[in-house]
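For reference, the structure is listed below as C-alpha cells.
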Amino acid sequence: MDTDNHLEKHSRIKIYHNPACGTSRNTLGLIRNTGVEPTVILYLETPPNRQTLWQLITEMGISVRSLLRQNVEPFATLGLSEDKFSDCELIDFMLEYPILINRPIVVTPLGTRLCRPSESVLDILPNPQLGAFTKEDGEVVIDTNGQRVKK
C-alpha cells in the first residue's frame, strides 16, 4: 500500500529540469526534501511539445514572453528583444531552441510555477519539508524542523 502511495506521489509532481542550472538543482532538492521523487524531465533533451508548452504557460498564468530566457544564445541573434513576434512565433522559437525556455517549471496538484527563485516551489508542494535545506550558495531556506526560514 505504501508503495502505491509513493508511486502516486511520484507521478503527481513533475519538474522541467536543467541539471546545469543551480536554481533548478535547488528546486529539485526542495522537492526531494518532502520525501517525494518527482518525474524529472530533462527539457533540453526532451522538450515539451507545442500543446504541453501552451498548457504550462496557461497553468502558470504568465505571458509567453515571460517564459523566454533572455541571457542565452540565440535570444540576441534572433532579435527576440524586439516586440515584433507573436506568441505563436515565440513558442516556435522555444520549440526549436529549448534553451530559450526558462526553468525550472514545476507541476504539482497545487499548481504549476516557474520556480525562480527556487524556494517559490514551496508554495505548490503538497507535502511538508522533512528537514533542513540549504541552497548551493549557502542560503538556509528550511530549518532543522522543516520550517521555512524567513529572510
Side-chain angles (χ1 to χ4, degrees), residues 3-81 83 85-142 146 148:
T3 305
D4 290 343
N5 282 343
H6 176 72
L7 290 175
E8 180 184 343
K9 289 176 188 172
H10 175 82
S11 64
R12 294 178 69 195
I13 297 179
K14 290 184 206 167
I15 179 171
Y16 290 83
H17 179 58
N18 179 352
C21 169
T23 301
S24 201
R25 290 190 304 269
N26 285 324
T27 302
L28 180 57
L30 284 163
I31 296 168
R32 288 177 170 159
N33 200 38
T34 67
V36 173
E37 182 58 33
T39 300
V40 177
I41 300 163
L42 301 175
Y43 77 95
L44 293 176
E45 296 173 17
T46 55
N49 63 28
R50 179 178 307 279
Q51 179 182 352
T52 301
L53 196 53
W54 273 113
Q55 181 179 347
L56 291 168
I57 290 166
T58 301
E59 288 174 4
M60 288 186 284
I62 63 174
S63 69
V64 172
R65 182 165 285 283
S66 64
L67 189 60
L68 270 177
R69 281 188 70 211
Q70 299 179 18
N71 61 343
V72 295
E73 279 303 324
F75 184 86
T77 306
L78 295 170
L80 294 178
S81 61
D83 195 21
F85 298 103
S86 70
D87 285 351
C88 289
E89 288 171 316
L90 293 175
I91 292 283
D92 288 341
F93 286 126
M94 285 189 256
L95 294 171
E96 186 173 351
Y97 305 101
I99 192 72
L100 289 170
I101 301 171
N102 213 339
R103 79 279 176 237
I105 299 169
V106 177
V107 180
T108 80
L110 301 180
T112 302
R113 182 160 295 167
L114 175 60
C115 294
R116 300 192 74 78
S118 55
E119 54 269 27
S120 66
V121 74
L122 297 171
D123 298 331
I124 60 168
L125 291 176
N127 298 332
Q129 295 288 298
L130 298 177
F133 185 85
T134 302
K135 289 169 51 172
E136 291 179 3
D137 66 2
E139 180 186 351
V140 177
V141 180
I142 305 295
R148 191 171 184 169

Salt bridge (charged side-chain N to carboxylate O under 4.0 Å, His left out) between Arg32 and Glu37: does it pass, once the steps are laid out? CA-CA 6 Å; Arg32 288 177 170 159; Glu37 182 58 33; 2.9 Å; yes
Can you list the steps and then say if Ile41 with Ile105 is a side chain to side chain contact (heavy atoms under 4.5 Å, CB included)? CA-CA 10 Å; Ile41 300 163; Ile105 299 169; over 6 Å; no
When you measure from the side chain of [X] to the backbone of [Y], do you find a donor-acceptor pair of N or O atoms at a distance under 3.5 Å?
X: Glu45; Y: Leu42; answer: no
X: Asn33; Y: Gly131; answer: yes
X: Gln129; Y: Leu30; answer: yes
X: Arg25; Y: Pro19; answer: yes
X: Ser66; Y: Ile62; answer: no

In Å, rounded to the nearest 0.5 Å, how long is the span from [atom1] of [X] to [atom2] of [Y]?
X: Cys21; Y: Arg116; atom1: SG; atom2: CZ; answer: 5.0 Å
X: Ile101; Y: Tyr43; atom1: CD1; atom2: OH; answer: 6.5 Å
X: Leu80; Y: Arg69; atom1: CG; atom2: CZ; answer: 13.0 Å
X: Leu67; Y: Leu100; atom1: CG; atom2: CG; answer: 9.5 Å
X: Ile99; Y: Asn18; atom1: CD1; atom2: CG; answer: 6.0 Å
X: Ile15; Y: Thr108; atom1: CD1; atom2: OG1; answer: 11.5 Å

Mind checking whether [X] and [Y] have side chains closer than 4.5 Å, heavy atoms only?
X: Ile13; Y: Pro126; result: yes
X: Trp54; Y: Cys88; result: yes
X: Thr23; Y: Pro104; result: yes
X: Leu53; Y: Ile57; result: yes
X: Val121; Y: Leu28; result: no

Residues in side chain to side chain contact (heavy atoms under 4.5 Å, CB included) contact with Arg113, at least two apart in sequence or another chain: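 With neighbours one apart ignored, the set is Cys115, Ser120, Asp123, Ile124.
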Pairs touching residues 90-104 that satisfy side chain to side chain donor-acceptor pair (under 3.5 Å), sequence neighbours left out: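 Pairs touching residues 90-104 that pass the test: Arg50-Asp92.
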Over all atoms of both residues, closest heavy-atom pair of Phe133 and Gly29: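 That closest heavy-atom pairing would be CE1-C, 3.5 Å.
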Could you pull out the closest heavy-atom pair between Pro47 and Leu44, with the gap in Å?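 Minimum heavy-atom contact is CD-O, 4.3 Å.
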Quick check: are there more than 12 heavy atoms from other residues, nucleotides or ligands sitting under 6.0 Å from CD of Gln51?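 Not buried by this count: 12 neighbours or fewer within 6.0 Å.
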Check: Phe93 ring centre within less than 6.0 Å of Phe85 ring centre: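 Here the rings of Phe85 and Phe93 have centres that are less than 6.0 Å from each other.
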